[in-house]
Amino acid sequence: MSLKFHNSYTRKKEVFEPLTAGHVGMYVCGPTVSGESHLGHARPYITFDVVYRYLMYLGYKVRYVRNITDAGHFEEEGREAEDKIAKKSVIEKLEPMELVQKYTNLYHWAMLQLNNLEPSIEPTATGHIIEQIEMIKQIIAEGYAYEVNGSVYFDVKKYADEYPYGKLSGRVMEDLLENTRELEGQEEKRLSADFALWKAAPPEHIQRWASPWGDGFPGWHIECSAMATKYLGKQFDIHGGGMDLLFPHHESEIAQSTICNKHVPAKYWLHNNMITINGRKMGKSYNNQIRLTEMFSGGHPMLEKGYHPMTIRFFILQTHYRSTLDFSNEALQAAEKGLKRLWEAYEVLKKMPVHDAESAGDPELDKKVETLLGEFDEFMNDDLSTAKVLANMFELVPVINSIKDGHIQAKAMSKKTLELFKSKMSVYLEEVLGLKNEMQQDDGKLNGVLELLAEIRKEVKSKKDYATSDKIRNQLHRMGIIMKDEKDGNISISFE
RNA sequence: GGUCCUGUGGCCGAGUGGCUAGGCAGAGCUCUGCAAAAGCUCGUACAGCGGUUCGAAUCCGCUCGGGACCUCCA
């Protein structure tokens with residue numbers, strides 16, 4: 001049983017074999033910090049966070065590099081309307097690094113909320129201008145780029161004559177040549193398919209760096225090539241990102257790196273699919289994004305309520321990463337309820353005492369549990385089938401609850417299976433899938449008060465003073481605190 | 001227009017030719033002072049039409065619908 005990934009480069013499911021035994025280098029395209037992250041952005045970062053976590057679970061030492069794109073030609077989200085009113089003053093006042101800082105901070109905050117681990121290295125494009133210039137110089141020296149008016153373009157046709165340009169994205173060179181779309185700034189290119197390595201900065205452009213070709217800023221693909229090479233080497237294991245980056249971004253990266261490093265940069269190319277809303281991709285071009293801050297707070301007309309970051313994480317993991325995932329309030333609310341049930345069962349399991357029965361009272365149940373747990377690894381190895389792992393977990397939920405309610409004896413499972421059950425659930429839920437308790441931990445004082453209330457409720461209940469016992473429960477419920485009478489006579493407390 | 005993906009029960013979603021995915025919602029039952037949970041049982045779904053096969057949601061063809069990329073985009 002070995003780990004397999006669907007490799008976009010070969011369009012096949014392949015056994016994962018790292019270039020260096022025991023080590024994995026992984027590069028994931030990070031955000032452009034010119035605006036706030038939206039729900040769609042959550043998907044790759046959660047997907048590759050799970051890849052990262054799973055590789056570590058398998059014992060690999062992983063270097064995970066995820067960049068921040070803070071260079072290039074961009075303007076702050078929503079500034080356009082303002083610009084029309086006071087274009088000049090806004091441009092004069094806008095300090096690019098201020099904008100970049102603001103959105104980088106927001107992005108980091110969102111990643112933390114979603115419980116994504118920090119990458120090993122998070123390089124910024126502005127911090128690697130020198131490396132990018134060096135790479136461009138090399139491409140020119142090799143004869144695969146040309147300079148026009150202070151801008152440098154990659155010669156796609158020359159490259160395509162010798163290398164399989166378009167292999168990753170399934171593009172045919174002839175088609176690219178036919179698609180002569182009239183776009184601004186194209187006239188400098190020899191061919192419309194050529195892409196910029198360096199752009200000359202017009203006088204009003206604020207972000208600018210000196211280069212052998214004059215003041216300007218790097219092209220849109222070179223940063224990833226430069227930073228991946230610097231931190232992961234000429235060849236590394238995994239390159240990840242959204243499917244929409246397949247072309248032209250990753251195709252261009254391959255071309256640039258192939259010229260400089262004589263290698264296709266990554267062995268395995270992994271791409272997550274899009275999050276859609278009403279069947280349409282959530283993205284800039286459609287103006288249908290829901291920002292993560294809005295998702296969490298509920299502050300968006302499309303949202304019936306706010307959704308906890310863990311609900312969003314769970315929602316995303318319930319689908320295979322290469323399928324589209326359609327957003328809807330119904331789907332999010334279903335995920336919310338499902339996660340709650342799963343997590344409550346997990347809490348029960350954690351507290352379940354381990355007995356010392358070597359053999360199972362119910363061998364059939366024992367076997368069933370063992371099989372379901374064993375499949376976790378199998379499913380993850382099969383191109384990261386998190387949805388199936390979660391499905392198995394849901395099949396295990398009734399087992400846990402039945403033991404709690406006494407329908408099944410704990411000793412129906414052998415000691416060994418029960419221990420495996422506890423450890424596997426804990427490792428998978430918290431370490432591999434990266435889920436965590438939704439409810440905020442309360443300070444000791446509140447817990448003390450609640451325990452006192454529970455005690456009082458128990459007392460008055462035994463005296464059949466239901467008016468008082470119901471009052472306690474109902475009033476607390478209004479505050480979002482839920483008291484439940486358990487089968488064993490205890491009262492459990494949870495928060496909405 | 002080109003390239004590619006996709007169409008599963010009320011909703012969301014797994015599905016590797018044969019064996020009930022799972023979640024949410026819904027119905028019934030059990031437990032319970034009542035609640036709320038929880039447990040058990042229930043849906044015989046695979047866009048349509050053909051074909052291959054002993055057997056297809058799964059393979060092939062056509063038709064219809066949806067989408068992605070070709071431009072910044074996760």
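So you know, we letter chains A, B, ... as the sequences are listed, proteins then strands, and number each from 1. Source: prediction; values computed, not measured.
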* To do: With heavy atoms under 4.0 Å as the rule, sort A:Met243 into base, sugar-phosphate or nothing.
  => nothing

* Is A:Asp485 touching bases, backbone alone, or none of the nucleic acid, heavy atoms closer than 4.0 Å? -> base

* What does A:Phe327 touch in the nucleic acid at a heavy-atom separation under 4.0 angstrom: a base, only the sugar-phosphate, or nothing? -> nothing

* Is the ring centre of A:Phe327 less than 6.0 Å from the ring centre of A:Tyr307? -> no

* Asked: Which part of the nucleic acid does A:Phe247 contact within heavy-atom distance under 4.0 Å: base, sugar-phosphate only, or nothing?
  -> sugar-phosphate

* Asked: Taking atom types as they are modelled, is there a donor-acceptor pair under 3.5 Å from the base of B:C34 to the side chain of A:Arg473?
  -> yes

* To do: Select base, sugar-phosphate, or nothing to describe what A:Leu245 touches, counting heavy atoms under 4.0 Å on all strands.
  => sugar-phosphate

* Taking the six-membered ring for Trp and the full ring for Phe, Tyr or His, determine whether the centres of A:Trp198 and A:Phe154 are under 6.0 Å apart. => no

* Asked: Which part of the nucleic acid, if any, lies within contact of A:Met393, taking any heavy atom under 4.0 Å across all strands shown: a base, the sugar-phosphate backbone alone, or nothing?
  -> nothing

* So what does A:His477 touch, heavy atoms closer than 4.0 Å: a base, only the sugar-phosphate, or nothing? -> nothing

* To do: Report which part of the nucleic acid A:Asn474 touches: base, sugar-phosphate, or nothing (heavy-atom distance under 4.0 Å, all strands).
  => nothing

* **Nucleotide-resolved protein contact map, nucleotides 21-27 of chain B, B/S/- at heavy-atom distance under 4.0 Å** => BSSSS--

* **Counter-base of B:G55, judged by Watson-Crick or G-U geometry with both distances under 3.5 Å** => none

* Determine which nucleotide pairs with B:A38, using a 3.5 Å limit on both distances of a Watson-Crick or G-U wobble pair. => B:U30

* Asked: Does B:G22 have a Watson-Crick or wobble mate here (both distances under 3.5 Å), and if so which one?
  -> B:C12

* To do: Salt-bridge test for A:Lys13 and A:Asp382: reply yes if a basic N is under 4.0 Å from a carboxylate O, no otherwise.
  => yes

* **Carboxylate-amine/guanidinium proximity below 4.0 Å for A:Lys404 and A:Glu347** => no

* For A:Ser469, which contact category applies under a 4.0 Å heavy-atom criterion: base, sugar-phosphate, or nothing? -> base

* Indicate, with yes or no, if the rings of A:Trp269 and A:His250 have centres closer together than 6.0 Å. => yes

* Counting any heavy atom closer than 4.0 Å, what does A:Gly283 reach on the DNA or RNA strands: base, sugar-phosphate only, or nothing? -> nothing

* Report which part of the nucleic acid A:Lys461 touches: base, sugar-phosphate, or nothing (heavy-atom distance under 4.0 Å, all strands). => base

* Classify the nucleic acid contact of A:Ser285 as base, sugar-phosphate or nothing, counting any heavy atom under 4.0 Å across all strands shown. => base

* To do: Searching all strands shown, indicate the nucleotide that pairs with B:C69 (Watson-Crick or G-U wobble; both distances under 3.5 Å).
  => B:G2

